Amino acid sequence: MKHLLSAGDLSRDQTLAILDSATQMHDVQRREVKKLPALRGRTVVNLFFEDSTRTRSSFEIAGKWLSADVINVSAKGSSVSKGESLRDTVLTVASMGVDGLVIRHHASGAPAQVAQWVDAAVVNAGDGTHEHPTQALLDAYTMRQRLGDLDGARVAIVGDLTHSRVVRSNLLLLNTLGAKVTLVAPPTLMPSGIAEWSAAEGFATSYDLDEVIGEVDALMMLRVQRERMSGGYFPTPREYTVGYGLTRDRLRRLGPDAVICHPGPMNRGLEISAEAADEARSAILDQVSAGVAIRMSVLYHLLGGSGDE
Amino acid sequence: MVPTHGPQPPAEASQSQTPPPGRSVLSGDDISRALRRIAHEILERNKGADDLVILGIPARGVELAQRLGAALEQVEGRPVPVGTIDVTMYRDDLRRHPVRAAQPTTVPGDGIDDKVVVLVDDVLYSGRTVRAALDALGDLGRPRAVRLAVLVDRGHRELPIRADHVGKNLPTASSERVYVRLAEHDGTDEVRIGGPKEEQR
């Protein structure tokens, strides 16, 4: 494994190896000395062309706890804002002797393109509305903590499927792990071509959350991405909540051992009620805490060895 | 990942069902007797079981540590804390091999600060695993003393490291391989030594 560009690149064994190592990394997080020497002398650059607090900072902490040198480059205040192309920016950074390049970009496919240009290991930290593999890994990690093996687990992903990069990564990874996925969204937020896609990948779709909610082991509520919307996807926020929000009423119909996930940041009161976010079945804080461990594990697996399989 | 005690691993070789090549140098009974003796040595040196913490190094050091803990309890009549310490992230040869999976580290409740830690491994060879373990220990706390117990010392040290308690000193050529087989991993207790030729797979 040279790069992590898509959750679909990971075999079942590779996925399980990353998730298992993350468990050991998670233990390190609870120690007084949160430092492992595994990536000493290696350099990781976080190249973020789009704002992100939790992903960027968790990659930064992950790299530092593995003793790598971590440098953050954000598009604002860099030569990118002076009009430099993606290729020139990347080659400039890479020519400084970088071992790992963590990229967040607003264009789908940008990290894959970058991987063609540089020798460094490239990690996709979110590209447009395409993928966000480390988020999918930490979601799977969190669900495994609560549910055990995900083979056969029933997972519903609910909400703004069209604008979410988490959906594709989660679908691919959950498929690899043998989970049964159902996508739930209003017709306006179902991605185009979903029928062919669901037939090819073998997942279900539904427009009716109430039909699905009693039957799932894990419920992943996606954020309504108002900033990506040019309007017209649903009449009012209130109407979205009535149809697709995790309300108090729906909470009662969710199984007693089901897990509630949300990639954050949450719109409380819109896609998820405050009660749902804060109750015992909610694993949302666990997800945040797993973020660093997963990214440590990913960086370790990409940069820790000789590079041979 | 199984630590290697000879030239290039085949790590799976020592786990396979068929007996590995070479000749047997320690039987199951020899291993139990060695562990019982080491338990007595540890207690004698420590003047009892106070403050002792036994930490096994994965893979086979973990089982040996548990057996040693049981032997100590049998002698002293009270439990001695046993844990594991993974050294994967601290190895100096990480970049020379494909990525190794991290193993669990479990430190008994009271931690290791001001305790007498006994590190347990199956084979002492270059000493590099022990060096990694000492570094790992430093990140977990500050023991009052650290001691080393190994089932087999096969020589060929590359670092100034020695064991305090040795089950058997086994003179070897560096081209030979030492196979430690334990019931938990391999279905039987035995130490074998194999020649270089048998490595061809």
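Every value quoted in this text rests on a predicted model; they were computed, and no experiment measured them. Protein chains get the first letters and strands the later ones, always in sequence-line order, with residue 1 at the start of each. Hydrogens, waters and symmetry mates are skipped; everything else that's a heavy atom, side chains included, is used.
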Parallel, tilted or perpendicular, judged at 30° and 60°: which one describes the rings of A/F49 and A/H105? tilted
Is A/R104 close enough and on-axis enough to A/F48, meaning under 6.0 Å and within 45°, for cation-pi? no
Heavy-atom pairs under 4.5 Å with chain B: which of A/R40, A/R42, A/H301, A/K34 has the most? A/R42
Scored by heavy-atom pairs under 4.5 Å with chain B, the best of A/P37, A/A17, A/A38, A/S21 is A/P37
Report yes or no: is the cationic atom of B/R192 (NZ for Lys, CZ for Arg) under 6.0 Å from the centre of the six-membered ring of B/Y179, at an angle within 45° of the ring normal? no
Honestly, the part of A/L39 sitting under 4.5 Å from a heavy atom of chain B is neither
Walk me through whether B/D86 and B/T88 qualify under side chain to side chain donor-acceptor pair (under 3.5 Å). CA-CA 6 Å; B/D86 180 41; B/T88 309; 2.7 Å; yes
